[in-house]
Student: 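Please read through the structure below; I'll follow up with questions.
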Amino acid sequence: MNYKFWQRKKDAPKKKKTKTREWFDAIVFAVVAATIIRVFFIEAYTIPSGSMERSLLIGDFLFVSKVNYGARIPMTPVAFPFAHHTMPLTTSTKAYWDGVQWKYHRLPGLSKIKRNDVVVFNFPEGDTVAVENQAESYYALERSMGREQVRSTFTIVDRPVDKRENFIKRCIGIPGDVISMSNGIANVNGKNEPLKNTGMMPYRIEFKTMDFNYASLDEFNLNLGNTPAVATNTYIVDASPEIVEKLKTFDFVKSVTLSPDAPGPVQGGVFPNDPNRVWNRDNFGPIKIPAKGWTVKIDSNTMPLYYRAIRTYEGNKVEQKAGVWYINDKPATTYTFKMDYYWMMGDNRHNSADSRYWGFVPEDHIVGKALFVWMSWDSTASFLHKIRWSRLFMGIH
């Protein structure tokens with residue numbers, strides 16, 4: 001009896017693999033290797049919208065590191081390779097099986113998330129999705145249409161944390177920070193944080209005269225021809241601080257001033273959608289970002305800010321009875337957070353769906369850190385200029 005059955009006998013003929021078997025083995029190996037790389041090391045992403053302009057442009061292809069913050073162990077391990085939440089060429093067919101769900105765990109990373117890091121994360125409000133209108137948050141639809149109307153109009157699906165839509169924004173606040181915004185200027189822990197040179201905000205440009213060569217403004221993409229004047233020789237356009245400084249050097253420009261929303265009027269859809277807070281996208285706060293181990297007092301002032309984090313992100317049963325808050329069926333006057341949270345905002349401040357509209361990003365939603373642009377494709381440019389050569393292998397800061 002051969003007790004070393006795993007060893008081939010010397011005189012045993014060697015079986016040759018068929019071409020089909022060779023191709024099958026090669027494909028399986030490639031899929032497994034690529035999956036390990038994209039889950040634990042690095043993954044490619046594409047910028048689909050202008051929410052990070054001019055830091056990141058539509059058509060930028062970038063690599064995102066899973067190593068910097070520590071790779072997140074897959075929470076939904078049974079999934080179709082290389083698909084995210086939906087099968088290719090479909091709008092609602094799941095690319096995963098949520099019958100198996102693992103608890104959140106993350107491998108040790110090289111560093112923690114720092115302020116001003118550009119971070120990829122899963123959309124926090126992406127747990128529920130209206131299939132026919134995925135561009136808008138389900139909860140925004142609920143507020144505008146009502147729950148029953150939304151559910152009778154759209155097909156509603158639920159998604160686990162790691163299968164929610166991927167977003168990319170700049171981290172403005174880290175756990176424990178107190179963040180606010182006044183007249184379009186972010187303030188973190190009492191210190192103003194001016195917009196990056198590549199960030200965009202509305203600016204009011206007044207020209208001395210309109211009798212000048214418009215081609216001199218082409219490099220700034222201000223598109224005055226399609227922008228209505230708000231006063232004589234005056235326009236409001238999105239621009240970066242870098243562009244503003246260049247505009248001020250032109251002799252036909254009279255003045256360039258920041259033009260944020262005025263404080264006061266409540267803007268629909270701004271976090272935390274509390275009628276007692278007169279906030280808008282350029283004027284809000286202060287808000288303290290939860291940190292793991294931080295204990296918050298529970299009352300009518302704090303619960304609009306932290307209700308979703310306590311209930312949805314940390315998995316507690318939360319309800320109010322006769323003016324008393326109950327957590328997991330027990331009266332509660334305080335709550336201690338189990339996770340760290342972050343405040344994310346787009347650099348294109350008036351064209352970004354970010355924490356100003358849906359609040360905190362929990363640590364279990366963090367995917368990775370954006371490293372560099374490896375390709376940039378301008379679909380609106382002429383054939384010879386579609387590749388933005390100056391952006392190739394550009395670091396992301």
Side-chain angles (χ1 to χ4, degrees), residues 1-48 59-110 120-122 131 134 157 159-166 168 364 366-377 379 383 386-389 391-396:
M1 184 174 181
N2 182 16
Y3 291 100
K4 296 183 178 181
F5 54 86
W6 60 88
Q7 294 182 356
R8 184 182 301 275
K9 293 182 179 179
K10 293 181 180 180
D11 56 347
K14 185 178 180 180
K15 292 183 179 179
K16 185 177 180 180
K17 291 183 180 179
T18 64
K19 287 290 184 182
T20 302
R21 177 59 185 274
E22 287 179 351
W23 275 104
F24 177 79
D25 288 351
I27 291 171
V28 169
F29 176 81
V31 169
V32 171
T35 300
I36 291 173
I37 290 171
R38 68 194 295 265
V39 168
F40 295 102
F41 296 98
I42 198 167
E43 187 171 1
Y45 289 86
T46 308
I47 300 298
D60 278 352
F61 294 80
L62 50 112
F63 280 126
V64 173
S65 167
K66 308 294 183 71
V67 177
N68 283 62
Y69 305 139
R72 182 180 59 183
I73 303 300
M75 303 166 77
T76 311
V78 183
F80 189 82
F82 310 123
H84 185 41
H85 50 63
T86 307
M87 292 294 288
L89 306 179
T90 70
T91 58
S92 60
T93 304
K94 291 181 179 180
Y96 58 90
W97 181 55
D98 51 10
V100 176
Q101 288 287 290
W102 292 347
K103 290 184 178 180
Y104 164 65
H105 292 287
R106 189 179 294 276
L107 299 178
L110 301 178
V120 173
F121 56 92
N122 297 117
V131 173
Q134 297 187 38
V157 297
R159 288 175 180 163
V161 170
D162 57 342
K163 296 302 177 183
R164 297 170 190 174
E165 203 66 61
N166 290 317
I168 182 168
D364 65 352
I366 300 298
V367 174
K369 181 179 181 178
L371 292 181
F372 62 90
V373 175
W374 62 272
M375 170 60 77
S376 187
W377 184 263
S379 61
F383 177 74
K386 284 191 176 295
I387 296 178
R388 304 184 184 105
W389 296 100
R391 298 184 65 80
L392 268 59
F393 300 102
M394 180 193 75
I396 298 171

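In this chain, residues are counted from 1 in sequence order.
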Student: Examine distances only and state if a side-chain atom of T46 and a backbone atom of P48 form a donor-acceptor pair shorter than 3.5 Å.
Tutor: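 Not a single qualifying donor-acceptor pair exists.
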Student: Does anything in residues 34-44 form a salt bridge (Lys or Arg N to Asp or Glu O under 4.0 Å)? List the pairs, not counting sequence neighbours.
Tutor: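 Applying salt bridge (Lys or Arg N to Asp or Glu O under 4.0 Å) to every pair that reaches into residues 34-44, excluding sequence neighbours, yields R38-E43, E43-K66.
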Student: Cut-off 3.5 Å, side chains only: do T76 and D98 have a donor facing an acceptor?
Tutor: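 Their side chains do not contain a donor-acceptor pair, so the 3.5 Å distance test is not met.
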Student: I want to check something: taking the side chain as every heavy atom from C-beta on, are Y45 and I47 in contact at a cut-off of under 4.5 Å?
Tutor: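 When only atoms from C-beta onward are counted, I47 and Y45 do not touch, as no gap falls below 4.5 Å.
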Student: If you round to the nearest 0.5 Å, how far is OG of S65 from CZ of F372?
Tutor: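 With rounding to 0.5 Å, CZ (F372) is 10.0 Å from OG (S65).
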Student: Test of understanding: with ring-ring contact (aromatic ring centres under 6.0 Å, His included), list the residues that count as partners of W374, not counting sequence neighbours.
Tutor: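 W374 satisfies ring-ring contact (aromatic ring centres under 6.0 Å, His included) with F61, F63 only.
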Student: Could you report the tightest heavy-atom contact between F40 and P74, atom names first, then the distance?
Tutor: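 Looking at all heavy atoms of both residues, the shortest contact is CZ-CD, 4.5 Å.
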Student: List the residues meeting salt bridge (charged side-chain N to carboxylate O under 4.0 Å, His left out) with D162, not counting sequence neighbours, and say none if there are none.
Tutor: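 Expected list: none.
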Student: In chain order, what residues pass the side-chain hydrogen bond (donor to acceptor under 3.5 Å, both in side chains) check against D364, with sequence neighbours excluded?
Tutor: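 Listed in chain order: nothing, the list is empty.
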Student: If we only count heavy atoms from C-beta on, is the L371 to V64 side-chain gap below 4.5 Å?
Tutor: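 No, too far: nothing below the 4.5 Å cut-off.
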Student: Report the residue from I42, L107, L110 that forms a side chain to side chain contact (heavy atoms under 4.5 Å, CB included) with V67.
Tutor: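 Among I42, L107, L110, the one meeting side chain to side chain contact (heavy atoms under 4.5 Å, CB included) with V67 is L110.
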Student: Measuring only between side-chain heavy atoms, which start at C-beta, is M75 closer than 4.5 Å to Y104?
Tutor: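 They are in side-chain contact.
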Student: For residues 79-87, dump all side-chain donor-acceptor pairs below 3.5 Å to protein atoms at least two apart in sequence or in another chain.
Tutor:
{"residue": "H84", "atom": "NE2", "partner": "R164", "partner atom": "O", "Å": "2.7"}
{"residue": "H85", "atom": "ND1", "partner": "R159", "partner atom": "NH2", "Å": "3.4"}
{"residue": "H85", "atom": "NE2", "partner": "E165", "partner atom": "OE1", "Å": "3.0"}

Student: Can you sort out the partners of R21 under salt bridge (charged side-chain N to carboxylate O under 4.0 Å, His left out), two or more places apart, ordered by chain and number?
Tutor: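 So R21 forms a salt bridge (charged side-chain N to carboxylate O under 4.0 Å, His left out) with D25.
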Student: Any side-chain heavy-atom pair from I387 and L392 closer than 4.5 angstrom?
Tutor: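 In contact.
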Student: Are any of the side-chain heavy atoms of L62 and I168 separated by less than 4.5 Å?
Tutor: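 Yes, close enough: below the 4.5 Å cut-off.
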Student: As a quick check of understanding, evaluate side chain to side chain contact (heavy atoms under 4.5 Å, CB included) for W102 and V100, giving each step before the final call.
Tutor: CA-CA 7 Å; W102 292 347; V100 176; 3.7 Å; yes
Student: Can you confirm whether P160 sits close enough to Y96 that some side-chain heavy atom of one is under 4.5 Å from a side-chain heavy atom of the other?
Tutor: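 Yes, at least one pair of side-chain atoms sits under 4.5 Å.
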Student: Has the side chain of R106 got a donor or acceptor atom that lies under 3.5 Å from a matching backbone atom of G70?
Tutor: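 Judged by distance alone, yes, a pair lies under 3.5 Å.
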Student: Are the side chain of K386 and the backbone N or O of S379 linked by a donor-acceptor pair below 3.5 Å?
Tutor: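 Checked: pair present.
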Student: Could you tell me whether the side chain of R388 reaches within less than 4.5 Å of the side chain of D60, counting heavy atoms only?
Tutor: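 A side-chain contact exists here, since the closest heavy-atom pair is under 4.5 Å.
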Student: Test side chain to side chain contact (heavy atoms under 4.5 Å, CB included) on E22 and I27; report intermediate values, then the result.
Tutor: CA-CA 9 Å; E22 287 179 351; I27 291 171; over 6 Å; no
